[in-house]
Colleague: 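Before I ask anything, here is the structure I am working with.
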Amino acid sequence: MADQHRRDFIRHGLLGLAALPLSTRLLANSAQAEELPRLDPDSPQAKSLGYVTNIAKAKDNPTYQAGERCANCMFFKQANNGCQVFPQYSVVPDGWCQSWTKQAD
């Protein structure tokens, strides 16, 4: 009888472990898709990093390089237009800030 319980315990444990990567992926995807409020370019945090919602305005910043924009920055999260620099907000994909960093190839 004890052997049967032990086998059942191991069997259920292995099934649970097999399902763990799938459940973790589902939770991560749902968290990424969470809607975020749009970052206000007039907020102190946005202003401190020169965040603009329009690339034309970024061209006035001496650190801006042609072609840089939020959508091709390594900190940008396409699933919800989120940004790791401004984690509680979404950003405009065609925006830019001084933290722009090239995505890894």
Side-chain angles (χ1 to χ4, degrees):
M1 184 81 141
D3 287 337
Q4 181 63 37
H5 290 295
R6 190 175 307 127
R7 278 183 283 222
D8 288 344
F9 176 76
I10 291 171
R11 184 180 310 124
H12 293 307
L14 291 175
L15 287 173
L17 286 175
L20 189 59
L22 177 61
S23 62
T24 303
R25 189 174 311 128
L26 290 173
L27 288 173
N29 288 342
S30 67
Q32 287 178 345
E34 174 186 326
E35 288 209 24
L36 299 169
R38 183 64 48 102
L39 176 64
D40 179 359
D42 293 324
S43 73
Q45 185 183 13
K47 283 187 173 248
S48 72
L49 291 174
Y51 173 72
V52 294
T53 58
N54 184 327
I55 292 297
K57 293 178 184 175
K59 293 176 182 175
D60 296 336
N61 191 305
T63 61
Y64 172 77
Q65 298 289 314
E68 297 176 350
R69 60 192 197 104
C70 292
N72 63 13
C73 175
M74 71 176 281
F75 299 118
F76 184 73
K77 297 179 188 176
Q78 188 173 6
N80 63 0
N81 290 341
C83 176
Q84 294 174 11
V85 176
F86 307 106
Q88 65 276 26
Y89 299 104
S90 67
V91 294
V92 177
D94 286 329
W96 177 87
C97 85
Q98 294 172 5
S99 294
W100 185 91
T101 305
K102 182 180 179 183
Q103 289 178 347
D105 291 328

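Along the sequence shown, residues are numbered consecutively beginning with 1.
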Colleague: With sequence neighbours excluded, tell me which residues meet salt bridge (charged side-chain N to carboxylate O under 4.0 Å, His left out) with Lys102.
Modeller: Asp105

Colleague: Can you tell me how far CD of Glu68 sits from NZ of Lys59, rounded to the nearest 0.5 angstrom?
Modeller: 12.0 Å

Colleague: So Pro93 and Asn81, do their side chains get closer than 4.5 Å, heavy atoms only?
Modeller: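 The answer is yes; the side chains approach within 4.5 Å.
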
Colleague: Please give the remaining members of the hydrophobic cluster of Leu39, linking ILVMFWY side chains under 4.5 Å, ordered by chain and number.
Modeller: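 Besides Leu39, the hydrophobic cluster comprises Leu49, Tyr51, Met74, Phe75, Phe76, Val85, Phe86, Tyr89, Val91, Val92, listed by chain and residue number.
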
Colleague: Write down the atom of Ser99, the atom of Cys73, and the distance for their closest heavy-atom approach.
Modeller: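 Distance-wise, the nearest heavy atoms are O-SG, 4.4 Å.
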
Colleague: Has Gln103 got more than 12 heavy atoms of other residues, nucleotides or ligands less than 6.0 Å from its CD?
Modeller: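 Atom CD in Gln103 is crowded, with more than 12 foreign heavy atoms closer than 6.0 Å.
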
Colleague: Would you name the heavy atoms of Ala46 and Pro41 that are closest together and state the gap between them?
Modeller: CB-O, 3.7 Å

Colleague: Please identify each residue that fulfils side chain to side chain donor-acceptor pair (under 3.5 Å) with Asn61, with sequence neighbours left out.
Modeller: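 Listed in chain order: Thr63.
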
Colleague: Working to the nearest 0.5 angstrom, can you tell me the gap between Trp96 CH2 and Gln65 CD?
Modeller: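 Interatomic distance, Trp96 CH2 to Gln65 CD, rounded to 0.5 Å: 9.0 Å.
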
Colleague: Residues in side chain to side chain donor-acceptor pair (under 3.5 Å) with Asn72, at least two apart?
Modeller: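 With neighbours one apart ignored, the set is Trp100.
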
Colleague: So how far is it from Cys97 SG to Arg69 CZ, rounded to the nearest 0.5 Å?
Modeller: 14.0 Å

Colleague: Suppose we screen for side chain to side chain donor-acceptor pair (under 3.5 Å). Which residues come up paired with Thr53, at least two apart in sequence or across chains?
Modeller: none

Colleague: Does any non-hydrogen side-chain atom of Gln88 lie less than 4.5 Å from one of Gln45?
Modeller: yes

Colleague: Under 4.5 Å between any side-chain heavy atoms of Glu35 and Asn80, yes or no?
Modeller: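 Sidechains of Asn80 and Glu35: no contact.
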
Colleague: Under the side-chain contact (heavy atoms from CB on, under 4.5 Å) rule, collect the residues that match up with Asp60, sequence neighbours excluded.
Modeller: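 Counting only residues at least two positions away or on another chain, Asp60 forms no side-chain contact (heavy atoms from CB on, under 4.5 Å).
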
